[in-house]
Amino acid sequence: NHVVHAEFAANAVTFLHRSGRTGRAGRAGKVTCFFGQPDVALVERVREAIERDEPLEPAFSRRRSFRKRVRREEEASEMSSSSR
């Protein structure tokens, strides 16, 4: 009933698969994730989705990695900020 991610998952499918091991058949479980500086933006987004009780899968693309999506959105934000 407790899963530890020694390395933060690279995509939604892997994250949900690993985390799903903790709570089966409607039971509650606990997930602990270790992460490094490159994953901070992603971890914040995952925490926000969990706090809002939103599903994680639609929040992130299944085909692209979490990191690529976060990086792409950060670059878009930077471009819009610099054009002001």
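Hydrogens, waters and symmetry mates are skipped; everything else that's a heavy atom, side chains included, is used. It should be emphasised that the depicted structure is a prediction, and the values quoted were computed from it without experimental measurement.
With hydrophobic clusters built from ILVMFWY side chains whose heavy atoms lie under 4.5 angstrom apart, Val31 does not share a cluster with Phe35. With hydrophobic clusters built from ILVMFWY side chains whose heavy atoms lie under 4.5 angstrom apart, Val3 does not share a cluster with Leu16.
Note: Ser80 OG to Glu75 CD = 12.0 Å, rounded to the nearest 0.5 Å. Atom NZ of Lys30 sits about 13.5 Å away from atom OG of Ser19, to the nearest 0.5 Å.
Legend: residues meeting side chain to side chain contact (heavy atoms under 4.5 Å, CB included) with Glu44, ordered by chain and number and at least two apart, are Val40. The ring pair (Phe, Tyr, Trp, His ring centres under 6.0 Å) check on His5 picks up Phe15, with sequence neighbours excluded. In this structure Thr32 satisfies the side-chain hydrogen bond (donor to acceptor under 3.5 Å, both in side chains) test together with His2, sequence neighbours excluded.
Other residues sharing a hydrophobic cluster with Phe34 under the 4.5 Å side-chain heavy-atom criterion for ILVMFWY residues are Val4.
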